[in-house]
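As the structure is a computational prediction, the values presented were derived from the model and not from experiment. Chain naming here is simple, since letters A, B, ... match the order of the sequence lines and numbering starts at 1 in each.
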There are 2 protein chains.
Amino acid sequence: MPSEQSTATAAPPRPVRRSRAPRGSLSSDLILDHALRLLDEKGLDAFSMRALAEDLGVGTMALYTYFRGKDELFRAARDRVLAAYTPPSAEGSWDQRLRAACIAVHELFTGRPAVLRLLAESTGNDDFIDTATAAMDRMLALLREGGLGREDAARAYGTLSRFTIGSALREVRVCARPEALEAFRARIAALPPERFPHLSDLAPELLLATENGGDQYEYGLDLILCGIRALAQQPASAATGS
Amino acid sequence: MPSEQSTATAAPPRPVRRSRAPRGSLSSDLILDHALRLLDEKGLDAFSMRALAEDLGVGTMALYTYFRGKDELFRAARDRVLAAYTPPSAEGSWDQRLRAACIAVHELFTGRPAVLRLLAESTGNDDFIDTATAAMDRMLALLREGGLGREDAARAYGTLSRFTIGSALREVRVCARPEALEAFRARIAALPPERFPHLSDLAPELLLATENGGDQYEYGLDLILCGIRALAQQPASAATGS
DNA sequence: ACCTGAACACCGTTCAAGT
DNA sequence: ACCTGAACACCGTTCAAGT
């Protein structure tokens with residue numbers, strides 16, 4: 001007789017899994033691997049505990065022996081991604097290194113769209129993993145090395161992190177989606193030029209900027225770094241407009 | 001006999017609504033009013049079509065005669081909020097007016113936390129309401145007035161909008177939540193100073209910056225404006241680091 | 001037309017049970 | 001201990017029906 005498992009004559013609508021999953025077939029690491037793959041491929045909205053279990057070929061409740069629930073699983077997935085962060089090699093002046101560090105964080109985020117959304121929506125209530133804390137510490141060190149005062153360093157860091165999250169979010173949600181880009185193009189082309197003269201006039205440039213998401217991040221980063229450098233050359237904290 | 005409605009002797013677990021809602025009791029505007037109130041009070045996560053219907057005292061399916069579904073209702077709610085935007089009065093130099101316009105947008109967003117999340121998660125596939133488009137056009141006009149080239153104006157606008165969204169998100173998710181602030185305080189206090197020296201050293205300043213979310217926005221905005229002003233004084237597009 | 005409840009196909013999670 | 005299915009309390013939405 002063929003080796004293929006022969007008890008059922010033809011598979012009815014039921015899922016493919018036939019028997020109990022063997023005892024050691026699961027682990028938190030394996031679960032997280034599949035969860036991140038599912039998240040990257042299908043997106044956060046399509047993710048569910050049931051879908052993840054099916055992807056693993058186990059019953060839904062098997063997941064609950066490794067994670068208290070969906071939230072805990074998501075936090076573990078997020079930490080797994082953050083742990084993968086490796087700071088860029090330290091070369092050049094303090095601001096060049098700061099620039100490189102920000103870009104690395106931004107790339108980490110855009111590379112994991114679903115995890116970015118998790119991060120953006122987190123209330124910051126939970127502990128972060130060491131690598132994330134270390135990255136933060138390193139950026140603060142660079143800002144201090146540049147000569148910024150205590151308060152300026154703290155606030156400049158806040159500015160960089162807010163811009164990085166906002167930027168990565170936009171890239172993931174629109175720049176990286178062909179349909180979204182196409183919709184943007186159509187919308188901007190349909191605008192009545194007499195009511196929105198500048199928008200219509202700058203349409204090609206706006207489109208180009210939207211298509212090249214990564215470049216846009218670096219462009220904005222440089223604007224902020226320009227302000228930070230100005231801060232570094234002043235004795236007191238002052239970046240007020242007038 | 002008392003006036004209170006007398007058919008039932010004692011109300012069983014069922015909801016309070018007793019009879020059919022009268023014919024004209026509903027309207028898209030009324031639905032949106034309640035939806036926005038619910039969204040602001042309970043948050044996006046607690047919102048559901050069923051909860052909204054109960055809040056309105058109608059059956060769930062009544063909502064579907066006014067909106068095709070949840071997405072359409074959310075888009076209408078978002079547009080209602082965006083339509084409430086009134087640009088600040090035009091006074092001062094171009095950069096002062098740009099600053100004021102950004103702050104107004106930021107305040108609009110932080111005032112409607114749930115709608116902000118909707119906006120941050122939107123793929124940008126859908127049309128925006130006129131007021132939002134007009135605000136965008138006005139900002140581009142100011143950047144051009146400042147002397148920025150076509151490409152610089154487009155990209156500077158992108159930078160401002162990315163920072164504004166990222167900043168508003170952070171404020172809504174952590175700065176405005178006492179529990180989140182408290183968690184942040186506890187976390188930062190528990191950090192081993194020998195491993196994260198700068199983070200520990202700057203703990204008070206980081207906390208202060210997190211508590212004063214709005215100030216943090218203006219601080220970062222000024223950093224970006226500093227970069228934009230530098231751009232305005234140069235002939236070609238150049239904000240590169242070195 | 002406007003509003004309704006029942007039903008369908010989902011979801012996260014609890015619980016008691018199998019091995 | 002590890003894994004299971006059934007069940008519970010949700011969800012958005014379709015559908016046929018009432019007025």
Could you check whether M49(B) gets within reach of a base, just the sugar-phosphate, or nothing at all, counting any heavy atom under 4.0 Å?
sugar-phosphate
Rounded at 0.5 Å granularity, tell me how far CD in E194(A) sits from OG in S200(A).
8.0 Å
What dot-bracket string describes DNA chain C from 5' to 3', counting Watson-Crick and G-U wobble pairs whose defining distances are under 3.5 Å, with [ ] for crossing pairs and | for pairs to another strand?
||.|||||...|||||.||
Considering every strand and a 4.0 Å limit on heavy-atom distances, what is the contact class for T65(B): base, sugar-phosphate, or nothing?
base
Across all chains, not counting sequence neighbours, the side chain to side chain donor-acceptor pair (under 3.5 Å) partners of D71(A) are none
Okay, side chain of T210(B), backbone of C175(B): is any donor-acceptor separation there less than 3.5 Å?
no
Check whether any side-chain heavy atom of R75(B) lies under 4.5 Å from a side-chain heavy atom of F67(B), and answer yes or no.
no
R50(A) or L63(A): which one's nearest nucleotide on DNA chain D is closer to the 5' end?
L63(A)
OP1 or OP2 of dC3(C) versus the side-chain N and O atoms of S25(B): is any pair under 4.0 Å?
yes
Say whether, by atom type as modelled, one donor and one acceptor occur between the side chain of T133(B) and the main chain of I129(B) under 3.5 angstrom.
yes
Base, sugar-phosphate, or nothing for Y66(A), non-hydrogen atoms under 4.0 angstrom?
sugar-phosphate
Should we say atom CZ of R112(A) is surrounded by more than 12 heavy atoms from elsewhere, each under 6.0 Å from it?
yes
